[in-house]
Amino acid sequence: MPVHKARPDISVLNDSLEAPGIGHLPVNAFVLHSSQPVVIDTGLGLPDRNFLEVLGSVLDPADVRWIWLTHPDRDHTGGIFDLLAAAPQARVVTTFLSAGIMSCERPLPLDRLYLLNPGQSLDVGDRTLTAFRPPLFDNPATIALFDDRSGICFSSDCFGGPMPSAELAHADDVRAVDMQELRAAQLLWATVDSPWVHNVDVHKFLSTFQMLRDRQPELILSTHLPPARGLTASMIDTLTSAAGESAFVGPDQAALEQTLAGFEPAGGQHQPAPDSPT
């Protein structure tokens with residue numbers, strides 16, 4: 001997992017996943033180096049990722065005071081229980097619904113929870129973090145956040161987009177991507193991650209961007225996009241058109257079988273396994 005600084009007080013713990021037919025999806029977690037350090041999401045839960053070790057390269061896990069869980073999908077919760085064990089003072093900032101969803105697999109300890117709803121704020125010593133419901137999301141428990149000191153927005157899945165290469169998925173600035181490619185990627189992700197967007201009242205949907213328009217964050221940090229500086233207005237314009245995009249339709253069984261057939265040796269015959277040694 002590469003690590004880079006989005007600004008002096010924010011570390012980006014960057015990972016990615018290849019989604020066949022879609023692209024390379026960034027999967028970021030963040031460290032906010034406030035006076036009470038905050039970890040925002042905890043990465044993938046795959047066995048070859050060591051989130052705690054990567055986190056330790058920028059901060060002693062024991063110093064973490066808050067773990068802001070934007071929502072309980074597995075690409076956001078991979079290292080959460082290891083981090084809770086390594087950070088005895090840390091509490092998990094999340095919603096009642098998120099904690100309930102987590103309990104279906106492994107409950108979060110109730111005495112380590114700090115429940116926060118959209119519109120409510122958390123004091124982390126030298127700044128206040130304000131929760132809000134982003135315009136696009138794939139999980140009803142999602143709470144994104146504004147850093148009220150810097151004006152930065154941590155947007156969870158919103159504004160995400162698959163990148164055309166792994167190198168770009170690990171970029172430290174999304175402007176490494178062609179702007180037309182970025183627009184197409186964000187609209188694709190909107191239809192994949194928030195398929196309900198095709199069924200909304202467009203007027204009400206547009207109104208959900210008002211908080212972002214009012215705040216105009218100079219930097220947007222999405223779980224699924226390289227850091228986006230100075231692009232808030234153009235990215236809002238992109239996402240406001242998502243309701244008019246065609247719905248995403250994934251591969252079906254016939255496409256899967258065609259793909260699997262391509263893995264077979266020439267002639268369609270599986271090679272026999274080598275004889276076992278005797």
Side-chain angles (χ1 to χ4, degrees), residues 1 6 10-17 25-32 34 36-45 49 51 55 64-81 83-84 87 90-105 108 112-122 124 127-148 150 152-161 186 189-190 192-194 196 208-209 211-212 215 217 219-228 235 239:
M1 292 175 64
I10 297 174
S11 296
V12 181
L13 313 184
N14 176 238
D15 205 344
S16 67
L17 282 175
L25 188 67
V27 182
N28 301 314
F30 306 98
V31 178
L32 183 59
S34 46
Q36 298 175 18
V38 184
V39 174
I40 300 166
D41 290 332
T42 60
L44 293 163
R49 269 69 162 184
F51 179 81
L55 174 64
V64 175
R65 290 290 304 278
W66 304 99
I67 305 166
W68 189 297
L69 181 61
T70 66
H71 62 284
D73 288 354
R74 291 294 291 142
D75 54 336
H76 298 254
T77 65
I80 194 166
F81 290 103
L83 180 52
L84 279 171
R91 297 176 70 181
V92 180
V93 183
T94 195
T95 64
F96 175 80
L97 179 58
S98 178
I101 292 171
M102 289 283 290
S103 71
C104 295
E105 180 179 2
L108 291 165
R112 305 287 298 274
L113 288 177
Y114 188 96
L115 298 183
L116 199 72
N117 291 317
Q120 295 181 322
S121 298
L122 174 71
V124 295
R127 67 196 72 200
T128 299
L129 307 180
T130 298
F132 75 103
R133 173 68 55 80
L136 291 170
F137 53 88
D138 70 341
N139 189 305
T142 301
I143 48 168
L145 64 145
F146 291 108
D147 174 351
D148 290 346
S150 67
I152 290 170
C153 172
F154 296 86
S155 67
S156 193
D157 286 8
C158 189
F159 294 105
Q186 289 184 310
W189 182 245
V192 170
D193 198 54
S194 305
W196 50 263
T208 64
F209 289 88
M211 183 178 292
L212 283 158
R215 291 193 178 234
L219 174 62
I220 288 181
L221 296 173
S222 170
T223 305
H224 301 307
L225 195 75
M235 294 198 308
L239 294 193

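- Aromatic rings from Trp68 and Tyr114 are positioned such that their centres are separated by 6.0 Å or more.
- No side-chain heavy atom of Asn14 sits less than 4.5 Å from a side-chain heavy atom of Met1.
- When all heavy atoms are compared, the tightest approach of Ala29 to Gly43 is CB-N, 4.1 Å.
- A salt bridge is absent between Asp148 and Arg127: the closest approach of a Lys/Arg side-chain nitrogen to an acidic carboxylate oxygen does not fall below 4.0 angstrom.
- Proximity of Val93 to Leu113: side-chain heavy atoms (C-beta onward) are nowhere separated by under 4.5 Å.
- Side-chain N or O atoms of Gln186 include none that pairs as donor or acceptor with a backbone N or O of Gly160 at under 3.5 Å.
- Atom CG of Leu145 is separated from atom CG of Leu122 by 9.5 Å, given to the nearest 0.5 angstrom.
- Asp41 places none of its side-chain heavy atoms less than 4.5 Å from the side chain of Phe154.
- Of all non-hydrogen atoms in Leu83 and Phe51, the two that sit nearest each other are CD2-CE2, 4.3 Å.
- Side chain of Asp138 to main chain of Asp193: no donor-acceptor pair is present (N/O by atom type, distance under 3.5 Å, no hydrogens or angles).
- When all heavy atoms are compared, the tightest approach of Ser222 to Asp157 is OG-O, 3.8 Å.
- Separation of atoms NE2 (His224) and CG (Leu25) is listed at 5.0 Å; rounding is to 0.5 Å.
- Counting heavy atoms from C-beta outward, Met102 and Ile80 have side chains that approach closer than 4.5 Å.
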**Message:** Determine whether Cys153 and Leu212 satisfy the following criterion, side chain to side chain contact (heavy atoms under 4.5 Å, CB included), listing intermediate values before the conclusion.
**Reply:** CA-CA 9 Å; Cys153 172; Leu212 283 158; 4.0 Å; yes
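- Ser11 places no side-chain N or O within 3.5 Å of a backbone atom of Val31 that could act as its donor or acceptor partner.
- Side-chain atoms of Asn28 come within 3.5 Å of backbone atoms of Leu225 as a donor-acceptor pair (strictly under, hydrogens ignored).
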**Request:** Show your working on side chain to side chain contact (heavy atoms under 4.5 Å, CB included) between Leu55 and Leu13 and close with a plain yes or no.
**Result:** CA-CA 7 Å; Leu55 174 64; Leu13 313 184; 4.2 Å; yes
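- Of all non-hydrogen atoms in Ala99 and Leu108, the two that sit nearest each other are CA-CD1, 4.4 Å.
- Of the possible polar contacts, none joining the Ser16 side chain to the Val27 backbone as a donor-acceptor pair under 3.5 Å is found.
- The closest side-chain heavy-atom distance from Leu129 to Val124 is below 4.5 Å.
- The two residues Val92 and Leu69 come nearest to each other via the heavy atoms CG1-CB, 4.1 Å.
- A donor-acceptor pair under 3.5 Å links the side-chain atoms of Ser34 to the main chain of Gln36, judged by distance alone.
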**Prompt:** Given the rule in the side-chain hydrogen bond (donor to acceptor under 3.5 Å, both in side chains) test, do Thr42 and Thr77 qualify, once you have shown the distances and angles that lead to the verdict?
**Reply:** CA-CA 5 Å; Thr42 60; Thr77 65; 5.6 Å; no
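- Atom CG in Leu44 sits 5.5 Å away from atom CZ in Arg49 (nearest 0.5 Å).
- Without hydrogens or angle criteria, Arg133 side chain to Pro118 main chain gives no donor-acceptor distance under 3.5 Å.
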**Message:** Is there a side chain to side chain contact (heavy atoms under 4.5 Å, CB included) between Thr208 and Phe132? Walk through the geometry before answering.
**Reply:** CA-CA 10 Å; Thr208 64; Phe132 75 103; over 6 Å; no
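- Not a single donor-acceptor pair under 3.5 Å links the side chain of Ser98 to the backbone N or O of Thr95.
- Between the side chains of Ser156 and His71, at least one donor N or O sits under 3.5 Å from an acceptor N or O.
- Side-chain contact check for Ile152 versus Phe30: every heavy-atom pair is 4.5 Å or farther apart.
- Under the 4.5 Å side-chain criterion, counting only non-hydrogen atoms from C-beta, Val64 is not in contact with Arg91.
- Side-chain N/O atoms of Ser150 and Asp147 include a donor and acceptor closer than 3.5 Å.
- Annotation: side chain of Pro134 is not in contact with side chain of Phe159 (no heavy-atom distance under 4.5 Å).
- Judged by distance alone, with hydrogens and angles left aside, the side-chain atoms of Trp66 form no donor-acceptor pair with the main-chain N or O of Ile40 at under 3.5 Å.
- In plain terms, the two heavy atoms of Thr94 and Ile143 that are nearest each other are CA-CD1, 4.0 Å.
- Under the 3.5 Å distance criterion, the side-chain polar atoms of Asp73 are left unmatched by any main-chain donor or acceptor of Asp75.
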